**Q** 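Here it is, the structure in full.
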Amino acid sequence: MSGHRLLDSLNDAQREAVTAPLGPVLVLAGAGSGKTRVLTHRAAWLILEHGVSPHGLMAVTFTNKAAAEMRGRIESLLDMPADPLWIGTFHGLAHRMLRRHWREAGLPQSFQIIDEDDQQRLVRKIIREQKLDEQRWVPREVQQFINAHKDEGRRSKKLEDRGDPTRRQLIRLYALYEARCEQAGVVDFAELLLRCHETLQNVPDLGAYYRERFRHILVDEFQDTNGIQYDWLRLLAGRTGAAFVVGDDDQSIYRWRGARVENMQHFRREFGATVYRLEQNYRSTQVILAAANAVISRNSDRMGKELWTAAKGGEPIRVYAAFNERDEADFVIERIREHERRGLPLAAAAVLYRSNAQSRAFEEALMAARIPYRVYGGLRFFERAEIKDALAYLRLTQSRADDISFERVVNLPARGIGGATLEQVRTHARDRAVSLWEAGQAMLPSLPSRAAGALRGFFGLIDRLAADIAPMPLEEQVRHVIQASGLRDHHAKEKDHKGEARVENLDELVNAAEGFAPESDDGLTPLGAFLAHATLESGETQAATGADCVQLMTLHAAKGLEFPTVFLVGLEEGLFPSEHSAFDADRLPEERRLCYVGLTRAMQRLYLTHAESRRIYGHTSYRDPSRFLSELPPEALEDVRPRISVSRPLYSAPGPAIVRRGPVAEASETRRRSRAAAPLAGEDVPMRLGSRVRHPKFGEGTILRFEGSGESRQVHVNFEDAGQKWLMYELARLERIS
DNA sequence: GTGCGACGATTTTAG
DNA sequence: ATCGTCGCAC
């Protein structure tokens, strides 16, 4: 394909972006506007038209799936393999550099990558060693502290406690954690980027080499970058380098994970980037886009962008007010049947929800209706415990200093190495700053003979495994270790069928090893490459199954996907927007973006549902329709199953009211509430979600949620001073003050 | 060293 | 409701 033929399939805006002069470019690409298309065409354009060598081009994505897809599409545009092109995730590319330059990076050659689960174990272990209270120093929170700082490029030694003892302790734990990783030769996800950045910065030749080599860098989903990713990019591209980044500030939904939307603005300013906008949408009907635009326009601080489509009209968006979550599921089932009758594949229908807990009702209903479905999310293959156990054995054969793997399998299957023995080994290791392996070896003579024997058995096992597998091909190595470690038998002996499933998973690991083709030039052994692959690509790409089934997933998981029919369910205050965000002005915009993401997944038909009552976490709660419903343009909506009985308009004020108005004579306007939504049918409640209230003991606060009914009705209040409390509504003597 | 019952938490999640 | 972790008893 010649350079110009390449442009034939692009619209004007896309073509302008693709052919933009060399230099920093920011493409603001709306949902469904051909973002990936622009990115891949830009890569091909650089190669074909500007004669850029694929060797000098790097493309960065967030997921392995996106990376694989991009490579495929670029290759098909070029009509040849693009092997020298570096395409990968931020983490994958940083990993690649660290493998090549482990010496400069100060890492052992056989450094291992730990996932977040391993990381948490390590943090917990350190907290315990420090004899700290795990209630006060929650491992998860400490872990988040560490990651948040790493994500912003801050080492523990750069942090100051500012006289805050809590902070001082956290910094101390961070430092201990760093030391532990160093000693064990392991690197966590954030460390891959941080370490790579530091290495490129501290070894000038290296930085210069890569800057010279990668004169062109393409970045996808730029709104999801965090601080260290941005810095890494800036270091590689140089401050005015030819970085071509694509993103959509309106689809930034990962702030809680460290993403900084501001990076888009920063990039524009700091790099002096030229901005291109892609606003023509090729996915959804005009009606759906009107709804999406209306919702997102409520956010401020947007970079500004409005989707449009050449197609006119479209089916109205159907809104259904369900009694409860079962009714909601039944409604969806009915519509899926209808969808089937139109001859559409089941896979063209998706149920999107805010939180995973909501999938259950749909799963049950779909199962009862014998409609095949698939739930996305949950544990991925390489994250399963039995798989991680097997990998730990494999890692130990490669690196005896890997304490995390040591701890994981030293007594699995049980071989008589108890907590007391291990505690001694840990203490010894800590005092001398050596690995558990080394400490254990040194202590053999001084341990009780039983314990010493058991431990010696473990050492012997690992050494034997290492020697045995050295000459084997990868899949034999994996097979042998699973077998000879006793892991396979251990699970085979379990009585319930869960054990069977675990054995199957272990066998599947052998298959995975068999089908594993390492990417060439990392200087790793096949096993080393496989282990890195297992952590870095936790197995979601292979998850695709052929069966035609309804798709169930969270809104987050749906980003980047599209479906002819979409059910956006659970549109209730406290659920979506989630109660954690509903009253937080800083977090609400992100919920709204999430809603925007959900709406823009739909191509032809969009259904929105909410339930008046819902059983969740074992108790029933009553919630008002989501404020997002009231932000939709009424003319785009159509109420399903309108009722004659009336209480109040559904889409009224921005604030959800629980006040039940007296029965109104008749529904004069288009939409009227079908049933009384209030949890307290027939009673007058002068309180609503968000109301300011005063309590004789707890002082002033805000109502977050109502639950239950009758005498057992409860109210959740966030008090200024006393914090959040659940109170019995009847007894609480709350006084409304706003 | 293993097994069971109490207890608590439970938005979203790629690498 | 449900799942994972923890402590204690065998």
Side-chain angles (χ1 to χ4, degrees), chain A residues 60-67 88-96 113-121 124 128 134-135 138-141 144 147 150-151 187-193 220-221 224-226 228-229 252-259 325 352-361 364 376-380 382-383 385 411-422 450-451 454 495 532-541 553-560 570 574-582 584 587 590-591 593-595 597-598 614-620:
Chain A
V60 197
T61 63
F62 272 85
T63 67
N64 293 302
K65 198 173 147 207
T89 61
F90 277 101
H91 294 90
L93 295 171
H95 174 240
R96 194 163 173 182
I113 307 164
I114 57 170
D115 65 15
E116 294 207 306
D117 181 56
D118 297 329
Q119 187 187 33
Q120 199 183 123
R121 284 162 189 272
R124 175 174 291 124
R128 285 183 186 165
E134 280 181 65
Q135 308 289 312
V138 184
R140 232 191 101 82
E141 288 168 8
Q144 275 164 3
N147 286 340
K150 284 195 175 192
D151 282 346
V187 164
D188 61 46
F189 287 131
E191 184 73 25
L192 287 168
L193 287 156
D220 194 11
E221 306 276 19
D224 287 338
T225 51
N226 62 30
I228 191 68
Q229 286 161 341
S252 163
I253 55 174
Y254 287 114
R255 193 174 82 130
W256 50 275
R257 204 167 73 180
E325 78 282 354
L352 309 183
Y353 36 79
R354 176 67 237 265
S355 87
N356 285 308
Q358 290 168 255
S359 74
R360 203 192 176 81
E364 282 170 3
Y376 286 78
L379 266 199
R380 285 165 304 168
F382 287 112
E383 290 169 351
N411 199 35
L412 191 99
R415 50 175 70 86
I417 301 170
T421 309
L422 273 178
R450 237 175 101 108
K495 14 189 187 292
H533 166 87
T535 315
L536 231 37
E537 307 192 19
S538 25
E540 68 130 5
T541 26
M553 68 191 82
T554 63
L555 286 160
H556 284 90
K559 197 177 91 166
L575 240 198
F576 188 33
S578 104
E579 56 189 324
H580 305 273
S581 312
D584 186 335
R587 299 169 75 171
E590 181 146 313
E591 293 283 316
R593 292 194 289 264
L594 195 53
C595 182
V597 167
R614 178 180 297 279
R615 260 188 99 67
I616 199 159
Y617 299 141
H619 41 220
T620 305

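In the text below, chain A, chain B and the rest are named by the order of the sequence lines, each starting its count at 1. In this text the structure is predicted, and so the values were computed from the model without any measurement.
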**Q** Between A:His580 and A:Trp256 (judged by ring centroids, cut-off 6.0 Å), do the two rings come close enough to count as a pair?
**A**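 Not close enough - the centres of the two rings lie 6.0 Å or further apart.
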**Q** Does the side chain of A:His95 come within less than 4.5 Å of A:Thr535's, by heavy atoms?
**A**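 Counting from C-beta outward, A:Thr535 and A:His95 never come under 4.5 Å.
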**Q** Could you check whether A:Phe62 gets within reach of a base, just the sugar-phosphate, or nothing at all, counting any heavy atom under 4.0 Å?
**A**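 Sugar-phosphate, backbone atoms only, no base.
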**Q** In this structure, how many angstroms lie between the P atom of B:dG15 and the CG atom of A:Asp151, rounded?
**A**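 Checked: the CG to P distance equals 15 Å.
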**Q** Can you tell me how far the CD1 atom of A:Ile114 sits from the CG atom of A:Asp188, to the nearest 0.5 Å?
**A**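 Going from CD1 on A:Ile114 over to CG on A:Asp188, the span is 5.5 Å.
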**Q** Does the ring of A:Trp256 meet both stacking tests against the six-membered base ring of B:dT12: centre distance under 5.5 Å and plane angle under 30°?
**A**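 Here the ring of A:Trp256 and the base of B:dT12 are stacked, with centres under 5.5 Å and planes under 30°.
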**Q** For A:Glu325 and C:dA1, give me the distance from atom CD to atom P, rounded to whole Å.
**A**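 Atom-to-atom, A:Glu325 to C:dA1, this comes out as 12 Å.
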**Q** At under 4.0 Å, does any side-chain N or O of A:Asn356 touch on OP1 or OP2 of B:dT12?
**A**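 Checking B:dT12 against A:Asn356, a side-chain N or O does come within under 4.0 Å of OP1 or OP2.
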**Q** In whole angstrom, give the distance that lies between atom CD of A:Gln119 and atom C1' of B:dG15.
**A**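 In whole Å, B:dG15 C1' and A:Gln119 CD are 12 Å from each other.
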**Q** If you assign A:Leu536 and A:Arg354 each to the DNA chain B nucleotide with the nearest heavy atom, which residue ends up on the more 5' nucleotide?
**A**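 This one resolves to A:Arg354.
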**Q** Is the shortest side-chain heavy-atom distance between A:Phe189 and A:Leu536 below 4.5 Å?
**A**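 Contact flag for A:Phe189/A:Leu536 side chains = yes.
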**Q** Is any NZ, NE, NH1 or NH2 atom of the basic residue among A:Arg615 and A:Glu325 found under 4.0 Å from an Asp or Glu carboxylate oxygen of the other?
**A**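 A:Glu325 and A:Arg615: not salt-bridged.
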**Q** Would one find a side-chain N or O of A:Arg360 under 4.0 angstrom from OP1 or OP2 of C:dT2?
**A**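 The answer is yes; a side-chain N or O of A:Arg360 sits under 4.0 Å from OP1 or OP2.
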**Q** Using a 4.0 Å heavy-atom cut-off across all strands, classify A:Gly377 as base, sugar-phosphate, or nothing.
**A**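 The answer is nothing, as A:Gly377 stays clear of every strand by at least 4.0 Å.
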**Q** Using atom CZ of A:Phe382 as one end and atom P of B:dA14 as the other, report the distance to the nearest whole Å.
**A**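 Spelled out: CZ on A:Phe382 to P on B:dA14 is 15 Å.
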**Q** Among B:dG15, B:dT12, C:dC6, which nucleotide sits nearest the side chain of A:His91?
**A**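 For the A:His91 side chain, the nearest candidate turns out to be B:dG15.
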**Q** Looking only at side-chain atoms of A:Arg257, point me to the closest of B:dA14, B:dG15, B:dG1.
**A**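 For the A:Arg257 side chain, the nearest candidate turns out to be B:dA14.
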**Q** Between A:Glu134 (CD) and B:dC7 (C1'), how many Å, whole number?
**A**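 One finds 15 Å between C1' of B:dC7 and CD of A:Glu134, rounded.
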**Q** Within the structure shown, what part of the strands sits under 4.0 Å from A:Ile417 by heavy-atom distance: base, sugar-phosphate, or nothing?
**A**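 It contacts sugar-phosphate atoms only.
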**Q** Check whether any side-chain N or O of A:Arg380 sits under 4.0 Å from OP1 or OP2 of B:dG15, and answer yes or no.
**A**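 Result: yes.
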**Q** Nearest to the side chain of A:Glu116, which nucleotide is it out of B:dG15, C:dC6, B:dG1?
**A**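 Nearest to the side chain of A:Glu116 among the choices is B:dG15.
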**Q** Can you check the A:Asp224 CG to B:dA14 P distance for me, whole Å?
**A**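 After rounding, the reported distance stands at 12 Å.
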**Q** From the list C:dC6, B:dG15, B:dT13, which nucleotide is the closest neighbour of the side chain of A:Thr554?
**A**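 Ranking C:dC6, B:dG15, B:dT13 by closest atom to the A:Thr554 side chain puts B:dT13 first.
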**Q** Just wondering, do A:Gln229 and A:Asn226 contact through their side chains at under 4.5 Å, heavy atoms?
**A**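 Touching, per the 4.5 Å side-chain cut-off.
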**Q** Which part of the nucleic acid, if any, lies within contact of A:Arg614, taking any heavy atom under 4.0 Å across all strands shown: a base, the sugar-phosphate backbone alone, or nothing?
**A**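 Here A:Arg614 touches no strand at all.
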**Q** Would you mind telling me which of B:dG15, C:dC6, B:dT13 lies closest to the side-chain atoms of A:Arg140?
**A**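 Looking only at side-chain atoms, A:Arg140 lies closest to B:dT13.
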**Q** On DNA chain B, check which nucleotide each of A:Phe90 and A:Gln135 is closest to and give me the residue with the more 5' one.
**A**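 Between the two, 5'-proximity favours A:Gln135.
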**Q** Can you see if the side chain of A:Asn64 gets near the phosphate of B:dG15 - specifically, an N or O under 4.0 Å from OP1 or OP2?
**A**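 For B:dG15, OP1/OP2 do have a side-chain N/O of A:Asn64 under 4.0 Å.
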**Q** Please confirm whether the shortest side-chain N or O distance from A:Thr535 to OP1 or OP2 of B:dG15 is below 4.0 Å.
**A**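 For B:dG15, neither OP1 nor OP2 has a side-chain N or O of A:Thr535 closer than 4.0 Å.
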**Q** Just the rounded figure in Å: distance from P of C:dT5 to CZ of A:Arg124.
**A**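 Distance check: A:Arg124 CZ to C:dT5 P gives 7 Å.
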**Q** Provide, to the nearest angstrom, the distance between the OH atom belonging to A:Tyr254 and the P atom belonging to B:dA14.
**A**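 To the nearest whole Å, that distance equals 6 Å.
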